[in-house]
Protein chains: 2
Amino acid sequence: MKKPSDRTASDTVRRATLEDVARLAGVSKMTASRALRGAADVSKTSIEKVQVAAAHVGYVGNNLALSLSAQQTNLIGVVIPSLTNIVFAEVLSGVADAVEGTGRQSVFGVTDYDPDKEYQAIRNMLSWRPAGLIVTGLDQPDKTRRLLEAADIPIVQIMDLDGDPIDAVVGLSQTRAGADMALALITAGRRKIGYVGCSLNRDTRAYKRRAGFVEALDQNGLTLVGERCSDAPSTAQEGRALTADLLGQFPDLDCIYFSNDDMAMGGVFHCMSAGIQVPDSIMIAGFNGLDFVDSLPVKIATSRTQRREIGRRAVQIINDGVADGVQRSFDFPPMIDLG
Amino acid sequence: MKKPSDRTASDTVRRATLEDVARLAGVSKMTASRALRGAADVSKTSIEKVQVAAAHVGYVGNNLALSLSAQQTNLIGVVIPSLTNIVFAEVLSGVADAVEGTGRQSVFGVTDYDPDKEYQAIRNMLSWRPAGLIVTGLDQPDKTRRLLEAADIPIVQIMDLDGDPIDAVVGLSQTRAGADMALALITAGRRKIGYVGCSLNRDTRAYKRRAGFVEALDQNGLTLVGERCSDAPSTAQEGRALTADLLGQFPDLDCIYFSNDDMAMGGVFHCMSAGIQVPDSIMIAGFNGLDFVDSLPVKIATSRTQRREIGRRAVQIINDGVADGVQRSFDFPPMIDLG
DNA sequence: CTGAAAGCGCTAACAG
DNA sequence: CTGTTAGCGCTTTCAG
C-alpha cells in the first residue's frame with residue numbers, strides 16, 4: 001500500500017486534481033481551469049504549460065465538483081420500463097442521437113414496469129440534479145407525479161398521449177392506435193377477430209391499445225371472438241404458445257391482433273408450422289413496425305411507430321428550455337401497414 | 001420570476017437542501033443528516049421532526065454533494081457498443097439485476113462501435129468518478145487503454161477473452177466460439193459452407209468468430225465456399241438480402257454461418273420464401289441463442305451465450321473490490337445447439 | 001445525543 | 001493576463 005508521500009506525478013492512487021495540474025504547470029488553479037476550458041485571456045505560454053501538465057498526469061476533470069459548483073449538470077435522465085424490449089432501446093438510441101454534440105449526457109434508469117422501481121429510479125435520477133427528465137407514459141402514481149412536479153426541471157413524458165401530462169409530452173395516442181388498427185382490419189374484410197397479449201396489467205400502453213381496439217370493434221358491431229393473455233414478458237415464444245392455444249379453441253379466426261410485433265412473430269411462426277396460410281386464412285397484426293417485420297416470409301400488419309424520432313424530440317424539448325408559448329405536446333402517430 | 005425572499009416551504013424554484021430541512025425541523029444540519037440516514041444516536045423526537053420536515057419540502061438528497069464529500073460515488077459505468085443489438089441490452093439487464101439492492105447505480109454509455117466515441121464515453125464516465133467500469137471487449141486503442149489503466153478503479157472487460165486484459169475479464173473466447181461451431185457443423189456432415197456477416201470491421205468480436213471459424217475449416221481441409229459481408233448494422237433485413245445474394249451465386253451451399261442470430265433469422269426467412277428446406281438442404285447457424293430462435297418454424301444452429309450472467313458477474317467483481325488473489329478472469333463459454 | 005468547523009474539487013466574481 | 005476569496009451541499013471529524 002502506497003503512502004501519500006510516495007505519490008509522484010504519474011501515480012494513480014488518487015486521481016489528479018486541478019490543483020495538481022496547476023502546481024505542476026507553475027500557475028494558479030484558476031489559470032489552469034481557464035486554460036483547460038479554452039477561456040479567452042490566457043497567455044499562450046500558460047495554456048501550453050497547463051496542457052502539458054494535464055496530459056502528463058492524465059487529468060480528467062471531476063464532474064461532481066463541476067456540477068456542484070455550477071449548480072447544474074449536463075445530465076438528461078431517461079426512465080424506461082424495459083431494455084430487453086427493443087422498442088425502448090431504439091428510443092434511447094434516438095436520445096443518444098440528439099444528445100450528441102450538445103455537451104449533454106444521457107443517463108438511463110430501468111423500471112421493469114414496476115411503479116415502485118419507477119419511483120426509486122426517478123428519485124435516484126433527481127438526486128443527481130439532471131437538467132431534464134424523460135419518463136415513459138402518463139400514468140405515474142400520485143406519489144411519483146408529485147416528485148416530478150416538484151422537480152422544477154423540464155419533464156417530458158413519452159410514448160403516450162392519452163392522459164393528463166405533467167409538463168411536456170411526445171408520443172402517440174395508444175387508444176387511437178388500437179382503434180385505427182381495428183378499423184383497418186375490418187375494412188380489410190376481417191370479422192372473426194382474436195387478441196393475444198402479454199403483461200397488460202403492467203404495460204398500460206398495450207392495455208390502452210387493446211381497449212381502443214375492442215371499442216372500435218364494438219362500434220362496428222363486432223366483439224373479440226377470443227383472446228389469450230399472460231403475465232410473462234412479451235417474447236416470440238410466448239406469442240407462439242398463446243396463439244397455438246387460442247387457435248386450438250377458435251380455429252376459424254380470420255385475424256389476430258397482438259400486443260406487439262414480437263408476440264406477432266410468434267403467432268406467425270405457429271401458423272407456418274401448423275400450415276395455416278398467412279394472411280389468406282388468417283391475418284396477423286402486431287404493433288411497432290420493427291425491422292424484422294419486413295423480412296418475414298409472410299406479410300403481417302403492423303403500426304409503424306416513430307420511436308427514434310420520439311426520443312430525439314424529447315431531448316430537443318429539454319434542450320430548448322421552458323420558454324413560454326412553445327409547443328409542449330407532440331403527436332407522432334404510427335402509420336398502419338397491412339402488409 | 002420569484003425572488004428568493006418569496007420562497008416558501010413548498011416552493012420549487014430551488015430544490016430544498018438539507019439546511020432547509022434542518023431549519024424547518026429546528027435542528028442542525030448534522031442532526032438532520034444523521035436522522036435521514038438512519039444513523040444511531042439520534043433522538044426519536046429529532047428523527048420524527050426531521051422526517052416530517054423532509055417530507056414536507058419534498059427533500060431529495062444531492063448526490064453531487066454527497067459523492068464529492070465522500071470522495072466516492074455509487075456509480076458503476078457500463079460502456080457498450082450498441083443498444084439496438086438486443087445482446088447488449090441483455091447484458092445491461094444482467095447488470096441492473098446485480099446492482100439491485102446493493103445501493104449502487106449503473107450508468108450506460110453507447111459507442112456505436114466507434115473507438116473515438118468509446119474514448120469520449122469512457123472519459124465522460126470517469127469524470128463522474130465511478131466506483132468501477134465495465135467496458136466491452138479487449139481491443140481498446142492505446143490511448144483509451146492508458147485512460148483506463150490510470151483510473152485506479154476496477155475495470156472489467158466483458159464479452160471477449162482473446163487478448164491482454166487491463167484488469168478483470170468476463171466473457172468468452174470469440175475465436176474458440178467460431179471454431180467450435182465450425183467443428184460442430186463439419187461433424188454434422190456439412191462441407192459446402194458459406195458465411196454471411198455485418199460490420200466485421202467494427203465489431204471485433206464478430207470478426208474473431210469468423211476468423212476462428214475459417215481457421216477450423218482450414219484445419220479440416222475446408223474453405224469457405226463463398227461469403228457476403230456488409231458494413232450495415234446487422235438486421236434480419238440485411239441477413240435476408242445477403243443470403244439471397246450469396247445463394248444466387250452458390251446455390252449448392254449446404255450450410256451458412258451468420259455473424260449472429262439476427263442475420264441468421266433473415267437467412268431463414270429467405271430460405272422459407274425461396275422454398276429451400278432448412279435444415280435439410282441447408283443448415284443455418286447463428287450466434288447468441290436469442291429468444292426467438294426457439295420459436296422459429298425451422299431449426300437452426302446457434303451458440304447460446306450467457307449474456308445476463310456475464311453482466312451480473314462483472315458487477316460482482318466490482319462490488320467485491322480488488323482483493324489480492326481473487327480470480328479476475330471468468331470464462332462463460334457458449335453452448336452449441338445444432339437445432 | 002447534538003452542533004460547529006473544515007473540506008471534498010471546482011468556478012464565478014472580484015481584485016490586482 | 002493572473003491570483004484570491006467564497007461558496008455549491010453534504011459528511012467527517014472533533015467538541016460539547
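Residue numbers start from 1 in every chain, and the chains themselves are labelled A, B, ... in the order their sequence lines are given, proteins ahead of strands. Computed from a prediction, not measured in an experiment: that's the story for all the values here.
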Problem set entry | Bend angle of the helix from C:dC1-D:dG16 to C:dG16-D:dC1, end axes from five pairs each (to 10°) | 40°
For this session: Would you check if the side chain of B:Gln72 reaches a backbone N or O of B:Leu68 as a donor-acceptor pair within less than 3.5 Å?
Result: no
Seminar exercise, completed: Bounded by its outermost nucleotides with an atom under 4.0 Å from a heavy atom of chain B, the footprint on DNA chain D reads D:dG9 to D:dT12
Problem set entry | Test item: B:Asn62 side-chain N/O and B:Ala65 main-chain N/O as donor-acceptor pair under 3.5 Å | yes
Exercise. Applying ring-ring contact (aromatic ring centres under 6.0 Å, His included), which residue pairs with at least one partner in residues 104-150 of chain B are found, sequence neighbours left out?
Worked result: A:Phe108-B:Phe108
For this session: State whether A:Ser33 places a side-chain N or O below 4.0 Å from either non-bridging phosphate oxygen (OP1 or OP2) of C:dT11.
Result: yes
For this session: Indicate, with a heavy-atom threshold strictly under 4.0 Å, whether B:Ser46 touches base, sugar-phosphate, or nothing.
Result: sugar-phosphate
Exercise. Rounding to a whole Å, what distance do you find between A:Asp41:CG and C:dA12:C1'?
Worked result: 15 Å
Scan nucleotides 5-9 of chain C against the protein and return all N/O pairs shorter than 3.5 Å with their distances rounded to 0.1 Å.
| unit_1 | atom_1 | unit_2 | atom_2 | d |
| --- | --- | --- | --- | --- |
| C:dG7 | N2 | B:Ser69 | OG | 3.4 |
| C:dC8 | O3' | B:Gln71 | OE1 | 2.7 |
| C:dC8 | O2 | B:Ser69 | N | 3.3 |
| C:dG9 | OP1 | B:Gln71 | OE1 | 3.3 |
| C:dG9 | N2 | A:Ala65 | O | 3.3 |

Exercise. Does any N or O in the side chain of B:Asp160 come within less than 3.5 Å of the main-chain N or O of B:Gly137, such that one atom is a donor and the other an acceptor?
Worked result: no
For this session: Could you tell me which residues satisfy salt bridge (Lys or Arg N to Asp or Glu O under 4.0 Å) with A:Asp142, sequence neighbours excluded, listed by chain and number?
Result: none
Exercise. With no hydrogens and no angle check, do the side chains of A:Ser33 and A:Arg37 hold a donor and an acceptor under 3.5 Å apart?
Worked result: yes
Exercise. Quick one: salt bridge (Lys or Arg N to Asp or Glu O under 4.0 Å) partners of A:Lys117, sequence neighbours excluded?
Worked result: A:Asp112, B:Glu100
Seminar exercise, completed: Closest heavy-atom pair, B:Ile318 versus B:Ala131, reported as atoms and distance to 0.1 Å, is CG2-O, 4.2 Å
Exercise. Taking all atoms of both residues into account, what is the closest heavy-atom pair of B:Ser67 and B:Thr73, and its distance?
Worked result: CB-CG2, 3.6 Å
Problem set entry | Side-chain (A:Arg129) to main-chain (B:Arg15) donor-acceptor, under 3.5 angstrom | no
For this session: Would you indicate, yes or no, if C:dG3 has its OP1 or OP2 atom less than 4.0 angstrom from a side-chain nitrogen or oxygen of B:Thr31?
Result: yes
Exercise. Donor-acceptor pair, B:Asn74 side chain versus B:Gly103 backbone, under 3.5 Å?
Worked result: yes
Exercise. NA contact type, B:Arg34, heavy-atom cut-off 4.0 Å: base, sugar-phosphate, or nothing?
Worked result: base
